[in-house]
Q: 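My questions will all concern the structure given below.
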Amino acid sequence: MTRNTNARVAGFMFLFYIANGVATMVVLGRGTSGDGIAAMLTTIAQHTTLVRWGIVLTMLMFVDALVLGVALYGLTRDEDHELALLALSCRILEGALGAFPVTTLGLLWLATGADGATAPDATVANTLGALLLKVGEWKTIAGATCFAVGSTIFSYLFLRARTIPVPLAWLGVMGSLLIVAALPLRLAGFISGPVTNYVWIPIALFEVVLGFLLLFKGIAAPTRVRAT
């Protein structure tokens, strides 16, 4: 694909990926709400169609990550092929970790599919549900770490090539590094609460602005190309 095509695809996918993620959270939030595992399983049993659509939306996000990663690779590979390939690998792994919604599938099985001889008692169901939620949290943090590393590299390549506004590129680099630093601390239990959400604000702003920029304006030629 041409640079302009890659830019348009990347811009669209930035925005679509965000919309897909928000829609997934809303759908699964409504379909799995409840205070405690027992309440969640009851909600899931009452909203199985909603939860199944949430699974579809979750798996669609793998395609989002893959297409976005390839488009960003196309925009940055001429600046540094190896770094761009490393960033693409991170974005592919990010998508792969999210492609199998083990927590949602497991809770759906406990709520609707575990019957007869295979049905666990309430205590076992609560234990399994709690484990599934924790595994989902760990998997999400792992995927987010892959995202943050890939985003850092892509943003650095944009900054080095001067193909997007320099302040925006710096926002991408610093916002991504903030997440890279915060996620291990969250996983280890050093930080928790609202701060774990606040650290996403800079990178969210970066991706929305960059998405619209690439979609409607495109991308500049690298500095070394403009200099020739």
Side-chain angles (χ1 to χ4, degrees), residues 10-33 54 57-69 71-72 75-76 86-104 133-159 164-215:
F12 174 80
M13 291 310 302
F14 268 125
L15 302 175
F16 185 79
Y17 199 172
I18 293 170
N20 192 171
V22 172
T24 302
M25 287 190 293
V26 170
V27 170
L28 289 179
R30 291 181 58 187
T32 63
S33 62
L57 290 172
T58 300
M59 299 189 71
L60 178 60
M61 292 178 70
F62 165 72
V63 179
D64 299 343
L66 185 62
V67 175
L68 176 58
L72 291 173
L75 293 173
T76 56
L86 176 60
L88 172 61
S89 300
C90 290
R91 298 306 299 257
I92 292 173
L93 185 55
E94 165 206 341
L97 284 168
F100 182 56
V102 60
T103 297
T104 308
L133 290 176
K134 187 57 67 175
V135 169
E137 179 184 352
W138 294 334
K139 189 164 70 75
T140 298
I141 294 175
T145 302
C146 293
F147 155 79
V149 173
S151 180
T152 300
I153 298 171
F154 278 134
S155 298
Y156 165 72
L157 293 175
F158 281 133
L159 176 63
I164 65 174
V166 172
L168 182 61
W170 271 115
L171 178 62
V173 172
M174 301 309 296
S176 300
L177 285 175
L178 179 61
I179 301 173
V180 172
L183 289 175
L185 296 176
R186 176 184 174 187
L187 189 62
F190 289 113
I191 61 173
S192 60
V195 68
T196 60
N197 295 321
Y198 296 154
V199 297
W200 287 91
I201 294 176
I203 197 61
L205 178 61
F206 165 75
E207 292 204 339
V208 170
V209 174
L210 181 58
F212 280 110
L213 177 70
L214 294 177
L215 183 59

Q: Please collect all side-chain hydrogen bond (donor to acceptor under 3.5 Å, both in side chains) contacts where either partner lies in residues 186-195, sequence neighbours excluded, each pair once.
A: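 Residue pairs with at least one partner in residues 186-195: there are none.
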Q: Would you give the length of the straight line joining atom CG of Leu97 to atom CZ of Phe62, rounded to the nearest 0.5 angstrom?
A: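 The distance works out to 10.5 Å.
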Q: Check the pair Leu60, Phe16 against side chain to side chain contact (heavy atoms under 4.5 Å, CB included), reporting the backbone distance first and the verdict last.
A: CA-CA 11 Å; Leu60 178 60; Phe16 185 79; 4.1 Å; yes
Q: What is the minimum heavy-atom distance between Val149 and Cys90, and which atoms define it?
A: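 Taking every non-hydrogen atom into account, CG1-SG, 3.7 Å.
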Q: Where is the tightest heavy-atom contact between Gly54 and Thr24, given as atom of each residue plus distance?
A: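 Smallest interatomic distance, heavy atoms only, reads O-CG2, 4.0 Å.
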Q: Inspect the surroundings of CH2 in Trp200 and state if more than 12 heavy atoms from other residues, nucleotides or ligands are less than 6.0 Å away.
A: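 Yes - once you tally the heavy atoms of other residues, nucleotides and ligands closer than 6.0 Å, there are more than 12.
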Q: Which heavy-atom pair separates Ile18 from Val208 by the least distance, and what is that distance?
A: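 It is CD1-CG2, 3.8 Å.
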Q: Parallel under 30°, tilted from 30 to 60°, perpendicular over 60°: which one fits the rings of Phe206 and Phe14?
A: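 If you compare the ring of Phe206 with that of Phe14, the planes turn out perpendicular.
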Q: With side chains defined as the heavy atoms from C-beta onward, is the minimum distance between Met59 and Pro101 less than 4.5 Å?
A: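 SC-SC contact between Met59 and Pro101 confirmed.
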Q: Does the side chain of Phe147 come within less than 4.5 Å of Ile203's, by heavy atoms?
A: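 Yes, close enough: below the 4.5 Å cut-off.
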Q: For the residue pair Leu88 and Phe154, what are the closest heavy atoms and their distance?
A: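 Nearest pair, atom of Leu88 first, then Phe154: N-CZ, 3.7 Å.
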Q: Enter the distance from Leu86:CG to Ile153:CD1 here, rounded to the nearest 0.5 Å.
A: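 Result: 4.0 Å between the selected atoms.
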Q: Rounded to the nearest 0.5 Å, how far does CG of Leu57 lie from OG1 of Thr104?
A: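 Output value for this atom pair is 11.0 Å.
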Q: Hey, what do you get for CD1 (Ile191) to CG (Leu185), rounding to the nearest 0.5 Å?
A: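 Reported to 0.5 Å precision, the distance equals 5.0 Å.
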Q: Do you know the tightest heavy-atom contact between Asn20 and Asp64?
A: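 Reported closest heavy-atom pair: OD1-OD2, 2.6 Å.
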Q: If the test is side chain to side chain contact (heavy atoms under 4.5 Å, CB included), which one of Leu168, Ile164, Leu214 qualifies with Val209?
A: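 By the side chain to side chain contact (heavy atoms under 4.5 Å, CB included) criterion, Val209 pairs with just one of Leu168, Ile164, Leu214: Leu168.
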Q: Just how far is it from atom CG of Leu157 to atom CG of Leu72, taken to the nearest 0.5 Å?
A: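 Those atoms lie 10.0 Å apart.
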Q: Can you pull out every side-chain hydrogen bond (donor to acceptor under 3.5 Å, both in side chains) where at least one residue sits in residues 146-159? Sequence neighbours excluded, please.
A: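 Listed once each, the pairs are Ser151-Ser176, Tyr156-Arg160.
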Q: Could you check whether any side-chain heavy atom of Leu171 comes within less than 4.5 Å of a side-chain heavy atom of Leu210, counting everything from C-beta outward?
A: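 Of all side-chain heavy-atom pairs linking Leu210 with Leu171, none is under 4.5 Å.
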Q: Report the distance from atom CD of Glu94 to atom CG of Leu68, rounding to the nearest 0.5 Å.
A: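 If we round to the nearest 0.5 Å, Glu94:CD and Leu68:CG are 8.0 Å apart.
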Q: Please check if the side chain of Lys139 supplies one atom and the backbone of Val102 the other of a donor-acceptor pair under 3.5 Å.
A: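 A pair under 3.5 Å: no.
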Q: For Leu75 and Phe158: C-alpha separation, side-chain torsions, deciding distance, then whether side chain to side chain contact (heavy atoms under 4.5 Å, CB included) applies.
A: CA-CA 8 Å; Leu75 293 173; Phe158 281 133; 4.1 Å; yes
Q: Looking at Gly150 and Ala87, what are the two nearest heavy atoms and their distance?
A: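 Nearest pair, atom of Gly150 first, then Ala87: O-CB, 3.7 Å.
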